Protein chains: 2
Amino acid sequence: MATGRTHRPATRSRGIPEATVARLPLYLRALTALSERSVPTVSSEELAAAAGVNSAKLRKDFSYLGSYGTRGVGYDVEYLVYQISRELGLTQDWPVVIVGIGNLGAALANYGGFASRGFRVAALIDADPAMAGKPVAGIPVQHTDDLERIIQDNGVSIGVIATPAGAAQPVCDRLVAAGVTSILNFAPTVLSVPDGVDVRKVDLSIELQILAFHEQRKAGEESGADAAVPAATARKASAEQGPDGDVPAVMPA
Amino acid sequence: MATGRTHRPATRSRGIPEATVARLPLYLRALTALSERSVPTVSSEELAAAAGVNSAKLRKDFSYLGSYGTRGVGYDVEYLVYQISRELGLTQDWPVVIVGIGNLGAALANYGGFASRGFRVAALIDADPAMAGKPVAGIPVQHTDDLERIIQDNGVSIGVIATPAGAAQPVCDRLVAAGVTSILNFAPTVLSVPDGVDVRKVDLSIELQILAFHEQRKAGEESGADAAVPAATARKASAEQGPDGDVPAVMPA
DNA sequence: CCATGTGAACTACTTCACAGCC
DNA sequence: GGCTGTGAAGTAGTTCACATGG
């Protein structure tokens, strides 16, 4: 097995901070839009505005990748697109399987943005025999029985779980046993996985609950309260949406 | 005990850290499961394991809410469920509208976990006249023209945007103008909103890209990734899934 | 005794502010 | 002159470790 996993990222030449990695896709999207409009260069200020972050943060983020800008000028759009894509590993092909083809699974399968960036839906898998063979988004659904074979035949290392909560952990175990090392979980459950496997979760109800918390607070504020704190909530710059330091959220069929 | 009724959501006390708020729904879910199994009390250790966090963090999180545990014993499940629900504002009813009833919007509308916790789908809205009147998840779809009226009639303060990217900002503007102050955005766009409005985003392609980054790194590790770069990865303990400090992700129809 | 609750130490991330270079 | 790149300062979040109190 992977042995060298013990040492945490050294203090010095450490890799790219996780918070920065999480923003790279955001920058990439903004850059792609600029690229399509044939904009040759951008300043950190402009790009930051487009990505909804502040420019100091953006420059710091880019500084972890290297010095890809030109002082007094800005960043070359095409070059940055390439560098970020490479850093994110999007210059290679990532076959992905989606397990659980209910409402959500189907929605994911139909998502266009998938193919656009290195990701390819290699297979759709569902436990319902009635679904087998039925095409969703042009791809025939296969039965769970063949999960292991499908993973191996296609060299899949990223799996998306869109099953009901109860099925998620067993499916996860099988995916991992078959060789999947990255999982995107839409089921409202905490998955346990061995070391070396990454899990990210997307959970709608969690997101809504976080919003409700702030919403409630806004309501209470209007009444009494005042002085002390700037009543205007202003929890955060309008620009900086949700993505700072939280949990994601959605659910399965 | 101690200071009598402490001031929790008081107007003064800086409030609960955002990172803690983001974990409360996780604790709540774990507690609800325990409650259903009629478990009377839990220790921080047990509950932390169920929620996928470490126990010190959980205790610290709870300490922001107040002293709801009993030393030497643990936490009363029912009492904690109530306290967290109240803190999150789930003891009240939150009417929600979903705008954009494509594949994803329909999936969201069908999500059961919605109703379970204070959230109620008050209306489904779509720009396609052909959709108008058609029931999705038992709720008739209404046309975008009536958006403002729907928001006001139902006293909606939370809106979910599941439209294509291009439609998201205009829809967002209308929602905000009509009185919505919290938005959950599934469209792959940065929304700009006035101060006082919260936006959270869920973006599938971003999540996949983050996974690809780590996946790529794992791959490089095995092969002869020479000394030069810190091959380490070891991004995080297996337990702590995705939720620490990142961006969420999904997409629209 | 045992598990909570919490100061204190530590780590991660953000923001500032300005030197460096085009 | 203008904008990048980055040390340094500031802030938020996590973990430790132990006093506290049922």
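Predicted, not measured: the structure shown is a model, and the values here were computed from it.
- For the pair B:Gly72 and B:Asp61, nearest-nucleotide mapping onto DNA chain C gives the more 5' position to B:Gly72.
- A straight line from CD of B:Glu18 to C1' of C:dA12 spans 17 Å, rounded to a whole angstrom.
- To the nearest 0.5 angstrom, A:Trp94 atom CH2 is 12.0 Å from B:Gln209 atom CD.
- Atom CD of A:Gln83 is separated from atom C1' of D:dT4 by 16 Å (rounded to the nearest Å).
- Atom-to-atom, CD of A:Glu45 to P of D:dG1 comes out at 19 Å; the value is rounded to the nearest Å.
- Closest contact between the side chain of A:Ala56 and the listed nucleotides C:dC16, C:dA8, C:dT14 involves C:dC16.
- Contact annotation for A:Phe62: no contact, since no heavy-atom pair falls under 4.0 Å across all strands.
- Residue B:Arg71 places its side chain closer to D:dG21 than to any other of D:dT14, D:dG5, D:dG21.
- If you take OH on B:Tyr68 and CD on B:Glu87, they are separated by 6.5 Å, rounding to the nearest 0.5 Å.
- Counting non-hydrogen atoms of neighbouring residues, nucleotides and ligands closer than 6.0 angstrom, the CD atom of B:Glu45 reaches no more than 12 such neighbours.
- Look at NZ on B:Lys57: it is 20 Å from C1' on C:dA3, rounded to the nearest Å.
- Mapping A:Thr70 and A:Lys60 onto DNA chain D by nearest heavy atom places A:Thr70 at the nucleotide closer to the 5' end.
- Rounded to whole Å, atom C1' of C:dG5 lies 16 Å from atom CD1 of B:Ile16.
- If you check C:dT14, D:dG13, C:dG7 against the side chain of A:Arg23, the one that comes closest is C:dT14.
- Between D:dG5, D:dG7, D:dT4, one nucleotide has an atom nearer to the side chain of A:Ser63 than all others, and that is D:dG5.
- Under 4.0 angstrom from either OP1 or OP2 of C:dT4 there lies at least one side-chain N or O belonging to B:Ser44.
- Screening A:Val193, A:Val156, A:Asp198 for a side chain to side chain contact (heavy atoms under 4.5 Å, CB included) involving A:Ser182 leaves a single residue, A:Asp198.
- Rounding to whole angstrom units, CG of residue A:Leu58 and C1' of C:dC13 are separated by 15 Å.
- The nucleotide whose nearest atom lies closest to any side-chain atom of B:Arg59 is, among C:dT14, D:dT14, D:dA17, D:dA17.
- Counting only heavy atoms from C-beta outward, the side chains of B:Thr32 and B:Glu36 approach each other to under 4.5 Å.
- Applying the 4.0 Å criterion to OP1 and OP2 of C:dT15, one finds that A:Asn54 has a side-chain N or O inside that range.
- In this structure, B:Tyr64 does not reach the D:dT14 phosphate: none of its side-chain N or O atoms is under 4.0 Å from OP1 or OP2.
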